[in-house]
2 protein chains.
Amino acid sequence: MVSHRKIATLRDVAEATNLSVATVSRHINGSIKLPRDTMERIDSAIQRLNYRPNPHARSLSLGRTESIGVVIPDIANPFFARLAAAVERAAAAYGLGVMLCATLNQKERELDYLQRLARNHVDGLIFVTNRVDDGEVARAINAAKAVVVMDEDVDGTTASKIFADNERGGALAARHLIAAGHRRMAYLGGAASLMSTRERLRGFQSAIDEAGLDPALTAGFFGSYTIAHGLEAARAMLDAPEPPTAVFAASDEIALGVLTVCRDRGIRIGRDLSLVAFDDVGPLDLFDPPLTAIRQDVDSMGWQSVVRMLDAIKGEDHQAAPQRVPVELIVRASVGPPVR
Amino acid sequence: MVSHRKIATLRDVAEATNLSVATVSRHINGSIKLPRDTMERIDSAIQRLNYRPNPHARSLSLGRTESIGVVIPDIANPFFARLAAAVERAAAAYGLGVMLCATLNQKERELDYLQRLARNHVDGLIFVTNRVDDGEVARAINAAKAVVVMDEDVDGTTASKIFADNERGGALAARHLIAAGHRRMAYLGGAASLMSTRERLRGFQSAIDEAGLDPALTAGFFGSYTIAHGLEAARAMLDAPEPPTAVFAASDEIALGVLTVCRDRGIRIGRDLSLVAFDDVGPLDLFDPPLTAIRQDVDSMGWQSVVRMLDAIKGEDHQAAPQRVPVELIVRASVGPPVR
DNA sequence: ATGATCATGTAAAGCGCTTTACCAATCGCT
DNA sequence: AGCGATTGGTAAAGCGCTTTACATGATCAT
């Protein structure tokens with residue numbers, strides 16, 4: 001006797017209770033007050049039939065989906081993974097599902113998700129990119145429903161925005177290095193046109209100015225937030241006629257590249273060369289040596305992005321200014337006095 | 001002049017082309033052959049109106065959603081993050097969306113997702129857990145539609161299964177350690193009742209047997225796949241009357257715990273104590289020293305889980321036996337000859 | 001000329017739910 | 001007794017799409 005029972009629908013429970021679907025629906029959604037025994041009849045039927053509303057029917061009828069999309073370059077990257085995890089946690093706390101979309105940094109995929117999701121698939125989109133946009137993605141974002149842009153800006157968008165306090169992070173790093181005695185430094189950034197790379201540099205330079213030092217002594221190397229770029233930039237930097245005594249890597253990944261090159265060349269981080277990283281999501285304390293870094297408060301960013309998302313969905317005016325999430329200097333063992 | 005234009009529906013393009021919605025729908029879905037100019041009329045109208053089908057209406061009508069769910073303990077964990085990324089990539093390649101669900105290892109959330117998603121929210125579920133189940137989750141899995149269980153078994157389920165070749169991984173680790181001369185070893189596992197922990201141990205022991213060594217010399221420490229457990233187990237192990245000369249950690253995280261304790265105590269990994277990790281997803285090559293590890297082929301697991309998912313959705317008989325994905329020994333610098 | 005066949009469509013039901021617009025019966029008041 | 005308000009419901013439209021069943025005209029072999 002195969003029990004191939006179908007999934008119960010609202011209608012089934014209506015029939016089981018001798019009520020109309022409307023009554024049952026409104027009771028479920030709390031938009032009607034019924035006599036006690038009617039309520040109990042309904043509840044027990046729901047229980048018995050193991051009824052659950054069909055989310056698609058619900059979405060179709062309601063026009064909303066009770067879920068949001070998270071568009072992210074790459075989940076395998078620890079920074080984005082933690083960001084996604086933070087968003088997920090916050091979303092779950094607010095009863096929202098999360099649709100995950102990895103773009104692999106491809107414009108096509110960004111646009112595709114923006115379309116598919118913003119259409120009607122989800123109520124809103126938390127968008128984080130790693131690419132510099134030519135305007136097309138910006139247009140798509142502005143055309144979409146509720147969007148909050150996180151971590152990296154997309155020029156020309158009117159969405160709510162959440163960013164780390166990059167500038168302050170850069171300043172913190174520079175001050176720490178300067179305090180240790182460094183004068184000739186290097187900045188290894190991501191793409192030169194990315195907001196985060198620019199801001200971290202600006203902060204770094206402002207601290208140099210502030211200290212009355214010669215900004216010309218600090219070299220900049222730009223590329224991308226990857227280990228590969230870290231390797232390349234580290235080599236270029238070390239092969240320069242007058243190599244720096246300290247380096248500020250604008251991401252964990254870049255710092256890992258530096259670490260690798262130094263290991264290969266027998267350069268001891270923290271002694272021969274000082275290093276400050278940015279992000280602090282990997283287990284930087286377990287590296288050799290433990291890496292001093294500017295820590296982003298990823299959890300807070302994720303949470304706040306969801307909060308602003310809910311505001312955006314409710315149609316509330318988002319604040320014009322991007323929200324800045326504080327960063328923090330975590331001192332470990334990769335910074336020492338300069339050697340020459 | 002505010003352009004508050006509504007989203008175009010199928011009906012809109014039908015009206016724009018003077019055709020019926022049915023005709024347009026069937027043309028879009030390729031289930032009708034139309035004269036060239038009719039086709040062009042439709043296509044251009046779609047273009048012009050920027051029409052996209054409403055996914056919920058589509059799902060409701062079709063009974064499927066073109067998306068799958070991934071249930072995972074914690075996305076912030078690099079191993080699961082990479083697994084999720086691999087699944088995402090494969091799913092995207094097959095035109096499937098991915099709904100991400102983090103359970104934080106809570107039974108309630110596992111059950112909740114199993115319900116919500118398996119109901120009708122997604123076409124199938126890729127389920128990975130970290131918990132030992134009391135039977136309830138197993139029942140829910142069996143009741144759900146297409147499910148593939150990955151990485152860790154759930155006892156009593158009839159789903160398709162994809163696991164790493166844990167036993168072989170354990171054997172590989174043991175042989176490597178034995179070849180280096182170790183006799184007194186420790187196994188630091190996760191929960192003792194977890195399949196993966198048991199299998200890795202079994203493989204480890206079988207290699208010991210095979211080598212004709214005394215299995216009593218290998219101590220086992222069980223707990224969870226976390227840094228915290230790694231710390232604790234490492235301390236217990238080192239404080240034993242006769243500490244081992246080598247340790248096999250059943251996860252990267254556990255190995256990180258060992259690393260930390262050893263750093264604190266001035267024990268040099270690779271010289272005073274040998275260490276082999278399992279997973280190899282973190283940048284283990286950048287640790288101090290670079291860690292020898294058994295590598296899981298996460299990408300392959302993710303991809304294959306999607307392939308089997310598609311089979312399951314199509315209702316094809318899944319193979320009875322779990323699929324085993326090969327593992328590989330990656331030799332770095334954390335294993336040396338024993339000291340006493 | 002006649003039916004058969006094909007090409008090009010149309011109308012309408014149904015997917016499961018929410019919600020608006022109603023309605024009948026009861027109750028409390030004057 | 002008569003009135004309005006309240007209680008406890010119902011019927012039906014509509015969300016956007018797919019699909020089945022049917023219709024119309026042209027083409028073709030006989």
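As the structure is a prediction and not an experimental result, all values here were calculated from the model. All chains are named by letter (A, B, ...) in the order of the sequence lines, taking the proteins before the strands, and each is independently numbered beginning at 1. The figures here come from the full heavy-atom set of this structure, side chains too, leaving out hydrogens, waters and symmetry mates.
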**Q** Using 0.5 Å steps for rounding, measure from the CE atom of B:Met99 to the OG atom of A:Ser67.
**A** 4.5 Å
**Q** Which distance, rounded to the nearest 0.5 Å, do you find between the CG of B:Leu111 and the CD of B:Gln115?
**A** 8.0 Å
**Q** Write down the distance between CD1 (A:Ile42) and P (D:dG8), rounded to a whole number of angstrom.
**A** 12 Å
**Q** Within this structure, what is the NE2-to-P distance between B:His121 and C:dG16, rounded to whole angstrom?
**A** 16 Å
**Q** From NE2 of B:His27 over to P of D:dT19, roughly how many Å is that when rounded to an integer?
**A** 16 Å
**Q** Nearest 0.5 angstrom please: B:Asp112 CG to B:Arg109 CZ, how far?
**A** 8.0 Å
**Q** Are a donor atom and an acceptor atom from the side chains of A:Glu152 and A:Thr129 found within less than 3.5 Å of each other?
**A** no
**Q** Going by the side-chain contact (heavy atoms from CB on, under 4.5 Å) test, name the single residue among A:Met301, A:Met309, A:Lys161 that passes it with A:Met150.
**A** A:Met301
**Q** What is the distance from CZ of B:Arg11 to C1' of C:dT10, rounded to the nearest Å?
**A** 14 Å
**Q** In whole angstroms, how far is the P atom of D:dC17 from the CD1 atom of B:Ile28?
**A** 8 Å
**Q** Any base atoms under 4.0 Å from B:Leu10, or only sugar-phosphate, or nothing? Heavy atoms, all strands.
**A** base
**Q** When you check the phosphate oxygens OP1 and OP2 of C:dG16, does a side-chain N or O of A:Arg58 lie under 4.0 Å from one of them?
**A** no
**Q** Provide, to the nearest angstrom, the distance between the CD1 atom belonging to A:Ile7 and the P atom belonging to C:dG16.
**A** 9 Å
**Q** Atom pairs under 3.5 Å, N or O on each side, protein against nucleotides 9-12 of chain D: can you list them with distances?
**A**
unit_1: D:dG9; atom_1: OP2; unit_2: A:Thr38; atom_2: OG1; d: 2.9
unit_1: D:dG9; atom_1: N7; unit_2: A:Arg26; atom_2: NH2; d: 3.3
unit_1: D:dT10; atom_1: OP2; unit_2: A:Ser20; atom_2: N; d: 2.8
unit_1: D:dT10; atom_1: OP2; unit_2: A:Ser20; atom_2: OG; d: 2.7
unit_1: D:dT10; atom_1: OP2; unit_2: A:Thr23; atom_2: OG1; d: 2.8
unit_1: D:dT10; atom_1: O4; unit_2: A:Arg26; atom_2: NH2; d: 2.8

**Q** Output the single nucleotide from D:dG16, C:dT19, D:dG14 whose closest atom is nearest the side chain of A:Ser25.
**A** C:dT19
**Q** If I take atom CG in residue A:Asn54 and atom P in nucleotide C:dC17, what distance separates them, rounded to the nearest angstrom?
**A** 6 Å
**Q** Roughly how far apart are B:Glu110 CD and B:Asn105 CG, rounded to 0.5 Å?
**A** 6.5 Å
**Q** Is it true that B:Thr65 and B:Asp123 share a donor-acceptor pair across their side chains at a distance under 3.5 Å?
**A** yes
**Q** In this structure, how many angstroms lie between the P atom of C:dT18 and the CD atom of A:Glu66, rounded?
**A** 11 Å
